[in-house]
Amino acid sequence: MRTEVKSLRAPEPSAAELSAEAERLFAAGLADLGYTEQDIERCAKLTWKINRLKAERRAVIPAHVYQRAEIIHGVADFIGDSYRLAKLCAVAESRSIVFCGVRFMAETAKILNPDKEVWLPAVEAGCSLSESITAADVRRIKALHPGAPVATYINTSAEIKAESDVIVTSANAATILRKLFSRHPKVIFLPDEMMGLNLAKALGKEPGREIIIWKGRCIVHDNFDSQSVALYRKMYPGVKILAHAECSPELVSMVDFVGGTGDMMNYVAKSSASSYMLVTECGLGDLARTRFPEKRFVPMCRLCPYMKATGLEGILGVLERPAAPQRIDLPPELCEKARRPIERMFELAEDGVKS
Ligand code: 13P
Ligand code: SF4
C-alpha cells in the first residue's frame, strides 16, 4: 500500500531574495514576452518557493516546450520535445518527477521510472490525440491487419502503448517507419491521422493499403488555416514557414519545413532567414523569441488548453500538499508492457539500427 506524502510548507522569501528572483526572471526574457513588472513579481514569489521545495523533495521538473514561459524559465530543470523529455526522464536521478506537460508525457515518465513518484500538477492536462483511441480499438485494428507492426505516436495512454510494437515521436517517426517498411509491406500508424497522411506522402506509401491510419486529430494543429499561411507568405517576403508534423497535408505542402518542435528549433538555430513563422502551439514561439532575440518571428500560433492547464500555483500545490489524483499510478504489469515499445523507439531512433 502507498504511504501518504507528508505536507510541506515553503518559507516566505525575504525582500532581497524576492528581488533577486524577479531579476533572474527578467534577465530570462519574460518582460520581452509581455510580462509586466507586477506579473514578474507575482511569478518570482512562486518560482522562489517552488525551487526551494523542489530541492527539499529531491524532485526534478521536466517541462515541454509548450509550457508557459514562467515555468520554462522559472522552475524547469530541463525542457524539450517529447523525445528529449522521455530520454532525460529515463536517466533522471531524483526521488520524484513533477511533470509540466500533459498526461501522456507524465505516464511515459512513470513507465520509464516505475519506482519513482511521478506527479502531474494539472489533472485535466489531457490531449485530444491521446483521447481519440482505446485499447479495444487497437486490438480490433490489429485483428484486421495481422502481421502488420503497430507504430504508435507517443501522444497516447499507457494502455495504447502496451498494445503497440514501437512508439514514435515527431522527431523520429519517419526514420522508424522507414525501418519498419524495409521489413514489412504494411504498417499500422496510430492515432494521428494528419501525421499519418504526412508520413505516407513522405515515404511514398498508400494510405489504407500500405499504411493503416487511425482518425485522431490534434485540436491545435488540425485547425491552422492554409489560406492564412499563403497570405502571410505574400505579406512577409523571405519568411521561412515551419509547421509541426501534426498539421494537415495541405498546409504541410505549403511550408519550408515540417517536423517536431525540436526540429523546428534546430532549423531556426541554423538558418539566417529574415523572419520565421512557427505554425504550432504558441509556447514554441515564446521560447524561440527568448532563445533567439536577434531573430524576427511572425505571429501565427494557437494555444493548447491542455498544455496551458499547468500553472505555478499548481506546481507549488503538488510540492506542498500532493493530492492523490495528481499522482500517476500505473499497474506494474502495464508499465512493463508499455516500456518495451518505448525502448524499441530508443533503439530504432538511433542511426544504423535495423528493424
Ligand atoms: P513534440 O514532440 O514535437 O514536442 O510534440 C508534442 C506535441 O504534443 C505536439 O502537439
Ligand atoms: Fe495534444 Fe495537440 Fe495539445 Fe499536443 S498540442 S498536447 S497533440 S492537443
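All ligand and atom numbering here is 1-based and tracks the order in the structure. Only this structure's heavy atoms are used, side chains among them; waters, hydrogens and symmetry mates stay out.
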| Among D115, L112, N113, L330, whose side chain to side chain contact (heavy atoms under 4.5 Å, CB included) with C335 holds? |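 That would be L330; it is the only one of D115, L112, N113, L330 passing the side chain to side chain contact (heavy atoms under 4.5 Å, CB included) with C335.
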| task | Report the residue from V318, V98, V75 that forms a side chain to side chain contact (heavy atoms under 4.5 Å, CB included) with I50. | result |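 So the option named by the test is V75.
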If you measure from each non-hydrogen atom of [X] to ligand 1, which part falls under 4.0 Å: side chain, backbone, both or neither?
X    : result
T169 : neither
S82  : both
Y66  : side chain

With atoms numbered from 1 as shown, which atoms in ligand 1 lie under 4.0 angstrom from a non-hydrogen atom of [X]?
X    : result
S170 : 1 (P), 2 (O), 3 (O)
H221 : 10 (O)
D81  : 1 (P), 2 (O), 4 (O)
G260 : 3 (O)

Plane angle bin for [Y] and [X] - parallel if under 30°, tilted between 30 and 60°, otherwise perpendicular:
X    : Y    : answer
Y232 : Y236 : parallel
F346 : Y83  : perpendicular
Y267 : Y276 : perpendicular

Assess [X] for proximity to ligand 1: is some non-hydrogen atom of it under 4.0 Å away?
X    : value
M264 : no
E281 : no
N155 : yes

| Can you list the steps and then say if C301 with C282 is a disulfide bond (SG atoms under 2.5 Å apart)? | CA-CA 5 Å; C301 71; C282 304; 2.2 Å; yes
| query | Taking everything shown except E250 itself, do over 12 heavy atoms lie less than 6.0 Å from its CD? | reply |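 Not more than 12 within 6.0 Å, no.
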| message | Looking at E294, I'd like to know if its CD atom is crowded, meaning that more than 12 non-hydrogen atoms belonging to other residues, nucleotides or ligands lie closer than 6.0 Å. | response |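 Buried by this count: over 12 neighbours within 6.0 Å.
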| Who's closest to atom 5 (O) of ligand 1 heavy-atom-wise, of M105, H244, M265? |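 Going through M105, H244, M265 one by one, H244 has the nearest heavy atom to atom 5 (O) of ligand 1.
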| If you measure only the distance, is there a donor-acceptor pair under 3.5 Å linking the side chains of D137 and T134? |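 There is such a pair between these side chains.
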| task | Decide whether T261 and H244 meet the rule of one side-chain donor and one side-chain acceptor closer than 3.5 Å. | result |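 There is no such pair (donor and acceptor under 3.5 Å, judged by atom type) between the side chains of T261 and H244.
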| Is K240 close enough and on-axis enough to F257, meaning under 6.0 Å and within 45°, for cation-pi? |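 So K240 doesn't make the cation-pi contact.
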| query | Closest non-hydrogen protein atom to atom 9 (C) of ligand 1, residue and atom name please, with distance? | reply |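 Going by distance alone, atom 9 (C) of ligand 1 is nearest to E246 OE2, 3.1 Å.
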| said: Run L129 and T156 through side chain to side chain contact (heavy atoms under 4.5 Å, CB included) and show every step you take. | reply: CA-CA 7 Å; L129 282 173; T156 42; over 6 Å; no
| said: Using a strict cut-off of 2.8 Å, how many protein N/O/S atoms surround atom 2 (Fe) of ligand 2? | reply: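 Count of protein N, O, S atoms less than 2.8 Å from atom 2 (Fe) of ligand 2: 1.
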